[in-house]
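Some notes on the structure that comes next.
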Amino acid sequence: MPGDTFTVAHLLKSAGYATAMFGKWHLSGKSGSEPSEQGFDVVKAAGHGWAKKNSDDPKGVNSITENALQFIDDN
């Protein structure tokens with residue numbers, strides 16, 4: 001996704017909402033932009049070392065949930 005694309009996150013942020021993205025971001029590509037450039041205040045994206053992996057939670061699902069719930073609670 002090009003960096004100059006106006007997203008729903010931009011719209012919500014301009015209206016005073018806190019915005020966040022949790023999970024995977026498959027829109028960067030060679031010339032794409034990161035979620036933080038697309039209007040998201042908080043970014044917890046897989047592949048950025050944030051999802052702890054272990055035998056009980058190999059895909060980091062619990063981490064995603066915990067981070068999302070914390071964001072909701074804080075905002």
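Note that the numbering runs from 1 along the sequence shown for the chain.
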Quiz item: What is the distance from atom CD1 of Ile72 to atom CG of Asn67, rounded to the nearest 0.5 Å?
Solution: 11.0 Å

Practice problem: Go through the structure and list residues passing side-chain contact (heavy atoms from CB on, under 4.5 Å) with Ala18, not counting sequence neighbours. | Solution: Asp41, Phe71, Asn75

Quiz item: About how many Å separate CE of Met21 and CD of Glu34, when rounded to the nearest 0.5 Å?
Solution: 8.5 Å

Exercise. Look up atom NZ in Lys24 and atom CD1 in Ile64, then write down how far apart they are to the nearest 0.5 Å.
Key: 8.5 Å

Quiz prompt | Short side-chain to backbone donor-acceptor contact, Thr19 and Lys13, under 3.5 Å | solution = no

Exercise. Would you confirm whether Thr7, through its side chain, and Gln38, through its main-chain N or O, come within 3.5 Å as a donor-acceptor pair?
Key: yes

Quiz item: In Å and rounded to the nearest 0.5 Å, what is the OG to CZ distance from Ser63 to Phe22?
Solution: 11.5 Å

Self-check item: Tyr17 reachable from Val8 in the ILVMFWY side-chain graph, under 4.5 Å edges
Solution: yes

Quiz item: Taking all non-hydrogen atoms of both residues, which atom of His10 and which atom of Glu37 are closest, and how far apart?
Solution: NE2-O, 3.7 Å

